Number of protein chains: 2
Amino acid sequence: MAKKQLIMEKALELFAKQGFESTSVQQITEHCGISKGAFYLSFKSKDELILALIDHFMMQFLSEIDYVVRNTKNEKLLYEFFFTTFQSFHKHSDFAKLLMKEQAHTINEEFIHKMYDFNRMLDKVILTMIEHLYGERIRQTKYDLMYCIKGFIQTYSHLFVIYNVPLNLELLAHSLVEKTNVLAKHMTLPFISEDLHQIFTGPEYGRETKEQLIQKMEQLVEEVDDPIIKESLLLLKNELIYPSLSPAIVKGLQENIRQHPQCKWIPYLIDRYFKCL
Amino acid sequence: MAKKQLIMEKALELFAKQGFESTSVQQITEHCGISKGAFYLSFKSKDELILALIDHFMMQFLSEIDYVVRNTKNEKLLYEFFFTTFQSFHKHSDFAKLLMKEQAHTINEEFIHKMYDFNRMLDKVILTMIEHLYGERIRQTKYDLMYCIKGFIQTYSHLFVIYNVPLNLELLAHSLVEKTNVLAKHMTLPFISEDLHQIFTGPEYGRETKEQLIQKMEQLVEEVDDPIIKESLLLLKNELIYPSLSPAIVKGLQENIRQHPQCKWIPYLIDRYFKCL
DNA sequence: TTGACAAATGACTAGTTGGTCAGTATTATA
DNA sequence: TATAATACTGACCAACTAGTCATTTGTCAA
């Protein structure tokens, strides 16, 4: 199994430089000093390699952060969180680069799911940390605070991952601790409500089922007065059961109900349903 | 020249979905309903297409922001900045998606330079806005504040660009205004010093020269149909070579071409040219 | 109707890609 | 040493890629 690790290491170096898509299996095997056949003894496909990389480093990173968050006293918690995060990025800078490059890329269905899962887990870690630190005081603004923290991490890590400048990570962590505390103390206007956060993260993997979606639409048909929106909802509901309309018509119907404040979520849920299955 | 625009529009749709590298010229031409040869009549290469896309949308976006920052009273400035930014991302969400996907990708030397240039310009706009708003008070922390603002924009725009949820952009802008003000007022521990910022942005990369600007305007004269805009472009081009018109006339001509979606960033480039030299 | 010019086509090239597999080398067991 | 089992190789394949160019189609003035 040493071969598997060799391939992962060497491939990561190339992915960090060139990205996943622009790195060929040929290049990887040459960089490892092995033959093409040997590669396919360790990994069934190129996709399996990147999934293994994501799994390996992501779990390592997440568990490190999680350990720190669980085992640090409150006074040092925020500092240790930032410091560990950046140190981890620094230590595995090739992986951090890969993550930044492929952030939003549609490499593969499974890859996307893994990334979503990872994000959900990170969200949870940060949220519990925030709740632990500030308690009830930030109930209204905790989701905003979480997104701000993620913004800090992304923006600042971008700087030292892309430009290879040696940075004073202690100072960086201290500086971000202050920013976070300032926001937690004085922020009053939340943007991300509980509901909104639910929509972003989705109901834990198993999303809305078709039946739930149809039920919700039937309920809305009863509640809505506007005949156009009523009919659009009905047609879309039937489309879910027996797909028969052209994409343009479906898109148009979705646009219709997007106008109505009560229904505007429906097109999003429909899209998400089709994307997941 | 309508073909060029058709290709850009249709290609952008595919790039937003699949990314630049995974979209073939074949796919683009099929999506346009034209032949492969026709593509190469409009663009010398696939690389030239993405550079044209970047140029077109980036300049449009930057000039919009710049216009708002220059023409808004201080009390509403920050709000208008955030609101315009997000509205622009919303309007051109395909381009925003492309930008997120290809953020750190090594597509091409020229592409990277363009992205660096764009970032530098955005940095400058944000910095002047901050200086204008808070003056001497934030001299120490202004670079940190700028990176925080960019972090806010990135994190929150990610949410509504990736998940296609209709958001209340007014509320979002208000919320971010508060966050920014809170940070500006209470932040004391800077991380990004003047020197560090210099290192990140690097020495000014040869911005548009007069010749490039003139060339671009000549190209637009060919592509535009409206006679008023055509003449305005020609007069402004001559003004660049032999300054002879009064400031009021020049301003008026700039206002003319600002109306046209393809030309509206030209005034911004002209201003920048005169300011830098 | 003709002829001249521009616009558009798609079969073509030369090269790359992820992936396979018949065959060779290496090792472990007897 | 002989045999069986495993590890490895690299020529090969089909499918794709960006880009080209001889040929066809469309347009408009004479």
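Throughout, protein chains are lettered first and strands after them, A, B, ... in sequence-line order, and every chain is numbered starting at 1. Heavy atoms only: backbone and side chains are in, while hydrogens, waters and symmetry mates are out. These numbers were taken from a predicted model, which means no experiment stands behind them.
- For the pair L14(A) CG and dG18(C) P, the computed distance is 12 Å after rounding to whole Å.
- At least one side-chain heavy atom of M58(B) sits under 4.5 Å from a side-chain heavy atom of M115(B).
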Write down the protein N/O and nucleotide N/O pairs, taken from nucleotides 5-8 of chain D, whose separation is under 3.5 Å; answer none if there are no such pairs.
| from | atom 1 | to | atom 2 | distance (Å) |
| --- | --- | --- | --- | --- |
| dC8(D) | OP1 | K3(A) | NZ | 3.0 |

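- Across all strands shown, T23(B) has heavy atoms under 4.0 Å from sugar-phosphate atoms exclusively, and none from any base.
- Between the side chain of K46(A) and the base of dG19(C), no donor-acceptor pair under 3.5 Å is found.
- In this structure, D117(A) pairs ionically with R120(A), as a charged nitrogen and a carboxylate oxygen lie closer than 4.0 Å.
- For the pair K3(A)/F39(A), no side-chain contact is recorded, criterion being any heavy-atom separation below 4.5 Å from C-beta on.
- The distance between atom NZ of K36(B) and atom C1' of dT20(D), rounded to the nearest whole Å, is 9 Å.
- Heavy-atom minimum distance, A52(A) versus M8(A): O-CE, 3.7 Å.
- Note: CD (E30(A)) to P (dT9(D)) measures 13 Å, nearest angstrom.
- Under a cutoff of 6.0 Å and an axis angle of 45°, K46(B) and F20(B) form a cation-pi pair.
- In this structure, the CG atom of D47(A) is 12 Å from the C1' atom of dG19(C), given to the nearest Å.
- Within the 4.5 Å cutoff, the side chain of F89(A) has heavy atoms near those of the F160(A) side chain.
- For the pair Q27(B) CD and dT17(D) C1', the interatomic distance rounds to 11 Å; values are reported in whole Å.
- Taking atom OH of Y40(A) as the reference point, atom P of dG19(C) lies 4 Å away to the nearest angstrom.
- Here the C1' atom of nucleotide dG19(C) and the CG atom of L49(A) are 14 Å apart, to the nearest Å.
- In this entry the distance linking CZ of F20(A) with C1' of dT17(C) reads 12 Å, nearest Å.
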